[in-house]
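Throughout, a chain's letter reflects where its sequence line sits, starting with A, and its residues are numbered from 1. What you see is a predicted model; the values in this text were computed from it and never measured.
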Amino acid sequence: MTEDEQALLAKRPDLAAIARWVAPGARVLDLGCGDGALLRYLWDAKQAPGYGVEIDAAHVVECVRNDVNVLQMNLEDGLATFGDRSFDCVILSETIQAIHHTEQLMRELLRVGREAIVSFPNFGHWQARVQVTLGRMPVSRELPYQWYDTPNVHLCTLEDFEDFCRRLGLRVLERLVLHAGRSVNLMPNLLGSLAVYRLGCGAPS
Amino acid sequence: MLEDPFSRKLNGFRFRGKRTLNAPQPTPGSVGIVEAKKASFTEPLPLRSGAVLPQFEIAYETYGELNAARSNAVLVCHALNASHHVAGTYADDPDNLGWWDNLVGPGKPLDTRRFFVIGTNYIGSCFGSTGPASVNPATGKPWGADFPLVTVEDWVEAQARLAERLGIERFAGVIGGSLGAMQALQWTLSFPERIRHAVVIAATPRLSAQNIAFNEVARQAIMTDPDFHGGHYYEKGVVPRRGLRIARMIGHITYLSDDAMMEKFGRVLRGKTGPGFDFDIDFEIESYLRYQGDKFASYFDANTYLRITKALDYYDPAADYGGDLAAALARARAAFLVISFTSDWRFASARSRAIVKALLEARKIVSYLEIDAPQGHDAFLMDDPRYHGALRAYFGNIEL
């Protein structure tokens with residue numbers, strides 16, 4: 001693993017899982033792509049050509065500097081720019097919690113992509129539960145904001161998210177739950193702080 | 001649409017006119033003193049209209065050096081009222097600063113230490129290339145109304161000949177704003193193998209009915225001027241000045257956002273403390289428009305203006321594909337950078353998004369920036385740090 005990859009993975013442990021699930025050469029759409037680090041990594045490691053969508057101008061300029069394709073758009077406006085099934089994989093990494101029109105966007109993910117990868121901080125993690133029990137809003141590595149400055153509007157737990165997917169008719173193909181960069185298999189909704197899902201269309205067979 | 005003096009005024013100086021305290025100063029990293037050149041072509045140029053231009057000249061300027069591999073050439077296409085004078089100043093006219101001097105120069109976003117930059121004028125212009133005021137070889141008199149209507153496609157054909165003349169088989173990039181952006185886009189369609197990157201700024205894939213309507217009002221202003229003489233005013237020794245100035249005033253309104261105009265002029269009265277209750281100038285904006293109209297009428301050719309607005313109206317690469325822009329763009333091979341400005345209501349961001357959508361559908365490489373800038377259509381001439389930062393980064397990543 002190169003230093004770049006290590007730096008990326010240390011900063012964003014969910015990206016390792018995402019990178020593992022993206023097939024070589026896949027067409028990738030990364031929604032809320034930040035400075036384009038994941039796309040850069042996917043291109044270098046998987047030759048997966050990608051597009052990022054980002055609203056923040058400074059991030060968009062960073063993407064251009066990182067030589068990744070980026071489209072400055074607001075995800076809240078939907079994904080009308082993108083055709084049906086025009087991507088192999090649509091990624092929404094640690095972005096869903098900050099989206100207002102969550103249901104609309106989730107439906108769009110699997111219109112535009114054959115598969116979707118969604119990661120988010122788990123609000124059911126024990127540290128969050130303890131903090132709420134003690135009468136405080138949770139603040140953690142995954143949720144570093146104070147209640148008054150957080151961009152997060154739609155936080156959920158693993159159970160909540162999986163219910164939501166069932167309601168939308170989305171199938172969970174794979175799930176990886178992490179804490180401190182390590183996989184969590186035991187009581188993931190309690191011990192995992194970050195969840196990564198690979199989703200497809202249709203009910204489980 | 002325009003490389004416009006207003007933008008320069010916003011920055012505290014004027015683009016053209018007499019030397020003043022606010023005379024344009026080359027920004028640090030200017031290419032310095034430049035010279036306009038001309039290339040003559042005797043091979044006839046068949047035009048989209050069916051007419052043939054028997055011979056023609058193109059005015060151009062170059063900045064930087066063509067590298068040994070001839071892989072670092074960037075063509076800059078201008079919009080409605082500008083010219084090939086993109087950067088630097090002239091030895092005999094030091095106040096005449098190139099219209100995109102803030103972008104092009106050593107160390108600037110389009111870095112002339114790395115790229116060989118060519119500013120090209122289009123045929124039909126009144127700034128040096130063959131146009132309506134040029135002599136018609138068949139008659140020995142100015143072409144006037146007989147100069148054929150030229151299109152964006154024709155301009156690109158002529159520019160391709162200039163590229164051949166300069167020994168450039170393939171451009172590293174073609175860049176333009178507004179009408180210049182249409183030329184950059186057309187380059188990817190007319191000569192897909194001869195352009196690697198297209199930078200398409202403040203663009204539209206075709207004019208809307210409203211855009212055409214504004215152009216028609218401008219044309220009517222010119223053509224109904226008693227001094228127009230059906231386009232043959234050169235021989236009468238007159239200029240349809242009234243028409244031109246109204247055309248310019250109309251255009252000007254569309255290049256600025258409501259907010260930018262309000263910010264600059266508000267409802268401030270011109271040398272008065274109250275309304276004059278007559279038809280002299282009351283408000284600053286009236287004074288400004290009259291000033292711009294007069295200035296424009298003093299240097300711009302009416303026949304050129306008529307033709308350029310028609311070139312705008314006619315441009316519609318999707319027309320041959322049943323309106324399917326993605327199908328039209330299928331043959332492009334270039335990578336695209338598309339940039340729009342949120343306050344541009346002439347060619348609104350939605351038009352640029354339509355280009356982006358079609359490029360995605362056609363599976364092209366594209367990046368898109370939607371800059372939240374207040375200046376309106378003319379924002380493409382400003383040096384907004386995000387806008388210029390993105391251009392710097394984009395050009396920096398172009399391999400030579």
Exercise. Could you walk me through whether A:Val60 and B:Glu370 pass side-chain contact (heavy atoms from CB on, under 4.5 Å), step by step?
Key: CA-CA 10 Å; A:Val60 170; B:Glu370 192 169 301; over 6 Å; no
Quiz item: Do any N or O atoms from the side chain of B:Ser367 and from the backbone of A:Val70 form a donor-acceptor pair under 3.5 angstrom?
Solution: yes
Self-check item: Within 6.0 Å of CD in A:Glu174, more than 12 heavy atoms from elsewhere
Solution: yes
Quiz item: Does atom CZ of A:Arg85 have more than 12 heavy-atom neighbours, drawn from other residues, nucleotides or ligands, at distances under 6.0 Å?
Solution: yes
Quiz item: Which residue, B:Leu369, B:Leu360, B:Val338, forms the side chain to side chain contact (heavy atoms under 4.5 Å, CB included) with A:Leu71?
Solution: B:Leu360
Quiz item: About how many Å separate CG of A:Asn69 and OH of B:Tyr368, when rounded to the nearest 0.5 Å?
Solution: 15.5 Å
Self-check item: Proximal component of A:Ala58, with respect to chain B [non-hydrogen, under 4.5 Å]
Solution: neither
Quiz item: Is a side-chain N or O of B:Asn397 found less than 3.5 angstrom from the main chain of A:Arg65, in a donor-acceptor match?
Solution: yes
Quiz prompt | Whether over 12 other heavy atoms sit under 6.0 Å from A:Glu76 CD | solution = yes
Self-check item: Point-to-point distance, once rounded to the nearest 0.5 Å, from OG of B:Ser352 to CD of A:Gln72
Solution: 12.0 Å
Self-check item: Residue B:Glu399 excluded, over 12 heavy atoms near CD under 6.0 Å
Solution: no
Quiz item: Can you tell me if CZ on B:Arg351 sees more than 12 non-hydrogen neighbours from other groups inside 6.0 Å?
Solution: yes
Exercise. Specify which of B:Ile365, B:Val366, B:Ile371, B:Leu337 makes the most heavy-atom pairs with chain A at under 4.5 Å.
Key: B:Val366
Exercise. Pick whichever of A:Val64, A:Ile55, A:Val53 has the most heavy-atom pairs under 4.5 Å with chain B.
Key: A:Val64
Self-check item: B:Glu263, CD: over 12 other non-hydrogen atoms inside 6.0 angstrom
Solution: no
Practice problem: Would you give the length of the straight line joining atom CZ of B:Arg386 to atom NE2 of A:His59, rounded to the nearest 0.5 angstrom? | Solution: 14.5 Å
Quiz item: Where on B:Glu361 is there a heavy atom nearer than 4.5 Å to chain A: the side chain, the backbone, both, or neither?
Solution: neither
